[in-house]
Asks: 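The structure's right below; bear with me while I get my questions together.
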Amino acid sequence: MPTFVLKNDDSQDYPTNPPFLEDVNERQREAVLHTDGPLLIIAGAGSGKTRVLTYRIANLIYQKRTRPNQIIALTFTNKAAREMQERIVNLIGEQAKRLWMGTFHSVFSRILRIEAEHLGYTPDFSIYDTVDSERVIKMILREMNMNTREIKPQKVRHIISTAKNQMISPEIFQDKYVQGPLYDIAGQVYRRYLERCKRNNSMDFDDLLLKPIELFEHNPDILQKYQQHFRYILIDEYQDTNHAQYRVTNLLAAGHKNICVVGDDSQSIYSFRGADITNILNFRRDYPGSVQVPLEQNYRSTKVILKCADSVIKKNKSRLDKTLWTRNDDGEVITLIENYDERDEANRIARTIEEKRIRQNLSYRDFAVLYRTNYQSRVLEDAFRRRGILYQLVGGISFYQRKEIKDVTAYLRLLVNQHDDESILRVINEPTRGIGEKTLSALLKKARKEEKSLWEIIMDVESADIYKPAIRGIREFVDVLKRTEKKLKKSGLTDTVRFLLEESGYLRQFIEEHSHESLMRRQNVMEMLNAISYFEKSSNEPSLGTFLQEISLVTDLDSHDSNEPAVTLMTVHGSKGLEFPVVFITGLEEELFPIGGRTGDQVDIEEERRLFYVAITRAENYLYFSYAKNRFRFGDQVEMRRSRFLDEVDSSVVRTETGATIRQKGSQISSSTGRRLPGDTYISYDSPARREPEWESPKSDNSDSTVSIEYDSTQENAVWRPGMVIIHPKFGAGKILQCQGQGEDARLTVFFKKVGQKKLVAKLANLTIIG
DNA sequence: TTAATCGTACTTTTT
DNA sequence: GTACGATTAA
């Protein structure tokens with residue numbers, strides 16, 4: 001890719017036809033060169049969308065003489081933003097850093113910080129993530145004497161968030177949207193929640209999008225300033241925007257009307273978060289005079305994979321019409337791996353990866369294993385670890401959502417903003433200082449009565465009528481924070497935080513406790529310290545406030561490093577926008593993928609199908625489907641039916657491991673509810689009489705394959721677990737039911753197909769672990 | 001009044 | 001496996 005360095009802003013003669021326009025196709029070129037007026041780019045999966053966006057930005061700078069900071073480019077994830085940033089740096093050099101580019105949340109939080117005063121906030125406002133919000137809501141519920149078991153804070157938060165995103169005020173909500181007692185309570189909590197956030201000088205994720213709207217609508221002069229400033233607006237993944245995002249960008253675009261949105265309705269997978277697919281469907285109506293450019297040539301996948309993807313998405317009714325095509329090879333057929341249970345599934349995948357990696361000379365980084373829900377990762381991790389396969393787990397509980405990290409963050413927030421009651425409550429007794437529930441509610445009550453913040457109350461704790469032993473602890477707490485504040489004035493950030501963690505005794509508690517868990521927590525805290533140290537060195541504004549702003553918008557998805565030589569494990573959601581030579585889509589079972597509707601909310605089957613489509617289109621060359629016939633759910637093993645999606649895919653491009661076609665059976669599943677219709681007879685794939693669990697016939701181990709792989713079959717350090725499948729020289733294949741002890745001395749209870757249940761000592765039995 | 005321990009329920013996807 | 005709430009011990 002050619003690289004240009006942009007010299008000073010004007011004065012230069014730019015090439016009229018920069019070379020980067022030569023490696024684009026006709027459609028892409030059109031999208032790059034259409035500069036003024038609204039533009040809708042319908043970008044199919046793998047159609048070179050990022051290339052178009054980055055070239056487009058480069059073109060705006062070259063040909064339209066736009067200054068980078070006059071361009072606002074919004075993405076949905078940090079991952080996407082960073083990738084774009086990197087690619088633009090390659091095109092136009094360091095200038096790219098001056099673009100207003102990032103996630104909606106990060107870009108607008110930047111604007112909010114500049115304009116905070118107009119909203120009655122200070123620029124240091126805290127950002128509450130979902131967990132923080134839930135804590136606040138829980139506390140409000142408690143104050144209202146509600147049982148937080150019956151009224152789930154999670155649910156209330158969701159209702160409030162939905163209302164906020166539709167820009168329904170608490171008053172209007174209580175007037176018109178109350179349906180049942182839960183909503184009635186939610187309405188009351190809603191009002192208090194807003195007050196509480198404001199008082200704590202904090203905003204939640206929704207506010208980062210809503211407050212700008214409020215700001216612009218109440219201050220036309222400010223709106224005008226930004227309208228004039230941003231000459232070009234670009235929005236990625238437009239199909240995932242929600243109402244607030246639509247509104248705020250609509251306001252900004254009203255000036256120059258140069259709004260360019262890129263999206264693919266087939267990849268809309270965030271409706272649960274308020275994404276409104278009609279935003280993209282109605283773009284042409286909302287922006288008169290707009291031009292539409294479809295990108296249909298796929299550069300990523302083989303013909304087989306595309307055919308498969310196409311056969312899936314065609315089942316959806318509501319979609320913009322487009323057909324992907326490719327010049328790539330036909331490629332290999334997709335393999336369906338059928339498994340006895342989830343352990344079996346994980347082992348088979350691990351084995352397949354190892355075989356394929358060696359046979360095709362691939363790297364671990366070429367593989368991705370995708371699943372519908374985060375908890376499915378655990379079994380996979382086990383299998384990978386056992387085989388020594390390097391993997392990288394992406395997503396799940398984010399680093400910044402871990403309890404110990406949130407504690408440290410709360411301490412840091414207090415250094416910036418003492419009036420953040422939530423943070424005080426979080427860490428005042430962390431580590432334990434003898435300050436309990438009763439003391440805290442007394443302090444809170446006093447604070448409410450005197451209309452002061454908690455901090456003001458505990459500064460003068462002597463005058464409060466509380467449990468005497470707690471006073472000492474409170475003084476300690478206040479004292480540590482005050483001393484740290486002084487320290488911050490004369491020392492660097494990292495030193496200050498280290499000081500705080502030591503003086504407060506926060507680190508010590510982990511050392512005193514010798515559990516494995518506390519060791520991990522300590523490591524995490526040290527890792528946090530590293531992050532601060534790195535930030536201090538690399539940021540051009542290394543203040544504590546900036547650091548806090550930054551980390552509050554970071555997710556674990558951001559830790560994905562595609563250069564790491566490791567297999568990627570992530571949810572399908574997390575994989576959007578990425579591509580891998582080899583992809584496994586796991587857990588293709590009814591009630592899992594598509595996910596089963598829990599009581600109350602019903603599943604949008606079309607969205608699940610789009611999710612499946614997203615998963616398929618991540619694959620470049622090889623694609624595997626897998627499912628398990630049994631799976632542990634809610635504590636015990638249940639029988640699973642394979643996913644209806646497997647019946648929907650074009651069966652000509654999928655084969656089982658043995659080369660058989662996957663059976664297309666008439667679907668007995670009602671497509672609207674996902675439940676079996678009454679009177680339907682469900683034919684199981686293996687009726688109980690003739691079922692042969694996979695582990696009884698370990699076919700890939702009687703290798704006709706050219707490469708045979710030795711798995712750790714020695715007993716000395718072996719880790720035994722119930723559910724493991726082993727081979728005994730005499731008794732054949734068996735499954736471990738129970739184990740006592742580990743290593744060569746372990747005593748195992750094993751069920752063998754041939755001889756039934758046996759008790760063995762590992763050392764004497766000469767067992768081979770096969771899965 | 002607070003701290004530690006035990007039992008139970010919960011697992012959709014994310015900024 | 002984990003995170004929370006209830007129960008008990010100090």
Side-chain angles (χ1 to χ4, degrees), chain A residues 74-81 102-109 127-131 133-135 138 142 147-149 152-154 158 161 165 203-209 237 240-242 244-245 268-275 370-379 381-382 394-398 400-403 429 431-442 466-470 473 509 513 516-517 520 551-558 570-576 587 591-598 601 603-604 607-608 610-612 614-615 631-635:
Chain A
L74 300 166
T75 64
F76 212 64
T77 63
N78 294 303
K79 194 169 65 192
T103 61
F104 274 91
H105 292 82
S106 72
V107 167
F108 285 107
S109 77
I127 297 172
Y128 284 172
D129 65 17
T130 321
V131 181
S133 301
E134 248 169 63
R135 257 180 79 96
K138 194 173 188 177
R142 287 246 173 87
N147 182 345
T148 50
R149 277 206 128 141
K152 295 227 164 58
Q154 216 181 35
H158 189 250
S161 172
N165 276 309
M203 299 195 194
D204 64 17
F205 283 151
D206 300 324
D207 288 328
L208 296 181
L209 304 172
E237 308 280 16
D240 286 329
T241 51
N242 64 21
Q245 286 161 326
S268 163
I269 56 176
Y270 284 107
S271 73
F272 69 93
R273 213 169 79 187
L370 308 181
Y371 36 81
R372 179 66 180 81
T373 67
N374 271 308
Y375 74 80
Q376 289 169 258
S377 69
R378 198 161 282 150
V379 203
E381 282 188 88
D382 278 353
V394 185
I397 322 132
S398 153
Y400 289 102
Q401 280 185 25
R402 298 206 133 91
K403 188 188 262 143
N429 201 31
T432 52
R433 295 187 179 92
I435 307 160
E437 210 183 326
K438 286 278 151 99
T439 305
L440 285 178
S441 60
I466 53 168
Y467 182 61
K468 293 288 176 266
Q509 63 176 335
E513 198 188 324
H516 175 72
E517 204 199 346
M520 292 291 289
I551 63 166
S552 55
L553 295 172
V554 169
T555 71
D556 207 43
L557 284 183
D558 303 327
M570 54 167 45
T571 62
V572 180
H573 281 89
S575 75
K576 195 166 75 149
E591 305 283 289
L592 184 60
F593 198 177
I595 197 112
R598 295 202 315 254
D601 39 34
V603 190
D604 180 348
E607 177 144 319
E608 291 294 310
R610 289 194 292 270
L611 200 51
F612 186 42
V614 166
R631 187 176 291 274
F632 270 93
R633 296 191 92 190
F634 316 111

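Per chain, numbering begins at 1; letters A, B, ... match sequence-line order.
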Asks: Of the non-hydrogen atoms in A/Thr571 and A/Thr373, which two are nearest, and what is the gap between them?
Replies: CG2-C, 4.3 Å
Asks: Please classify the nucleic acid contact of A/Lys576 as base, sugar-phosphate, or nothing, using heavy-atom distances under 4.0 Å.
Replies: nothing
Asks: Just how far, in rounded Å, is C1' of B/dT15 from CG of A/Leu209?
Replies: 8 Å
Asks: Starting from the 5' end of DNA chain B, give me the residue, A/Ile435 or A/His105, whose nearest nucleotide shows up first.
Replies: A/Ile435
Asks: Can you figure out which of B/dT15, B/dA3, B/dT13 approaches the side chain of A/Asn429 most closely?
Replies: B/dA3
Asks: Picking from B/dT14, B/dT11, B/dT15, which would you name as closest to the side chain of A/Gln154?
Replies: B/dT11
Asks: Taking OP1 and OP2 of B/dT2, is either one under 4.0 Å from a side-chain nitrogen or oxygen of A/Thr439?
Replies: yes
Asks: Heavy-atom nearest nucleotide on DNA chain B for A/Lys152 versus A/Leu611: which residue maps closer to 5'?
Replies: A/Lys152
Asks: Given side-chain contact (heavy atoms from CB on, under 4.5 Å), test A/Thr103 with A/Phe108 step by step and report yes or no.
Replies: CA-CA 8 Å; A/Thr103 61; A/Phe108 285 107; over 6 Å; no
Asks: Distance check needed: B/dT15 P versus A/Glu237 CD, whole Å only.
Replies: 12 Å
Asks: Quickly work out the A/Glu608 CD to B/dT13 C1' distance and round it to whole Å.
Replies: 8 Å
Asks: Over 60° means perpendicular and under 30° means parallel, so classify the ring planes of A/His573 and A/Phe272, tilted if in between.
Replies: perpendicular
Asks: How close or far is atom P of B/dC10 from atom CZ of A/Arg378, stated in whole angstroms?
Replies: 17 Å
Asks: For A/Gln376 and A/Phe593, what are the C-alpha separation, side-chain angles and deciding distance, and is it a side-chain contact (heavy atoms from CB on, under 4.5 Å)?
Replies: CA-CA 12 Å; A/Gln376 289 169 258; A/Phe593 198 177; over 6 Å; no
Asks: Which pair of heavy atoms, one from A/Tyr371 and one from A/Ser377, lies closest together, and at what distance?
Replies: OH-CB, 3.4 Å
Asks: Of the candidate nucleotides B/dT2, B/dT13, B/dT15, which contains the atom at the shortest distance from the side chain of A/Lys438?
Replies: B/dT2
Asks: Are the side chain of A/Thr432 and the backbone N or O of A/Asn429 linked by a donor-acceptor pair below 3.5 Å?
Replies: no
Asks: Could you check whether any side-chain heavy atom of A/Leu440 comes within less than 4.5 Å of a side-chain heavy atom of A/Glu437, counting everything from C-beta outward?
Replies: no
Asks: For A/Phe205 and B/dT14, give me the distance from atom CZ to atom C1', rounded to whole Å.
Replies: 8 Å
Asks: How many Å lie between CZ on A/Phe632 and P on B/dC10, as a whole number?
Replies: 19 Å
Asks: Atom CD of A/Gln401 and atom P of B/dT14: how far apart are they, to the nearest Å?
Replies: 10 Å
Asks: Should stems be defined as at least three consecutive Watson-Crick or G-U pairs with both distances under 3.5 angstrom, which of them involve DNA chain C?
Replies: B:1-9 with C:2-10
Asks: Side chain of A/Asn374 only, please: which of B/dT15, B/dT14, B/dT2 is the nearest?
Replies: B/dT14
Asks: Would you classify A/Arg631 as touching base, sugar-phosphate or nothing, given that sugar-phosphate means primed atoms plus P, OP1 and OP2, and contacts are heavy atoms under 4.0 Å?
Replies: nothing
Asks: Could you tell me whether A/Glu607 contacts a base, only the sugar-phosphate backbone, or nothing, with contacts defined as non-hydrogen atoms closer than 4.0 Å?
Replies: nothing
Asks: Any carboxylate oxygen within less than 4.0 angstrom of a Lys/Arg side-chain nitrogen, looking at A/Glu381 and A/Arg378?
Replies: no
Asks: Could you tell me how far apart A/Leu592 (CG) and B/dC10 (P) are, to the nearest whole angstrom?
Replies: 18 Å
Asks: By nearest atom, which of the nucleotides B/dT15, B/dA4, B/dT11 is closest to the A/Arg273 side chain?
Replies: B/dT15
Asks: For the residue pair A/Phe205 and A/His105, categorise the inter-ring angle as parallel (less than 30°), tilted (30 to 60°) or perpendicular (more than 60°).
Replies: perpendicular
Asks: Categorize A/Ser106 for me: base, sugar-phosphate, or nothing, with a 4.0 angstrom heavy-atom threshold over every strand shown.
Replies: nothing
Asks: With a centroid cutoff of 5.5 Å and a plane-angle limit of 30°, would you call A/Phe76 stacked on B/dT15?
Replies: no
Asks: Does A/Val572 offer a backbone N or O that forms a donor-acceptor pair with the side chain of A/Ser575 under 3.5 Å?
Replies: yes
Asks: Where does the chain A footprint on DNA chain C start and end, counting 5' to 3' with a 4.0 Å heavy-atom cut-off?
Replies: C/dG1 to C/dG5
Asks: Which heavy atom of A/Lys576 sits nearest to which heavy atom of A/Ile269, and what is that distance?
Replies: CD-CD1, 3.8 Å
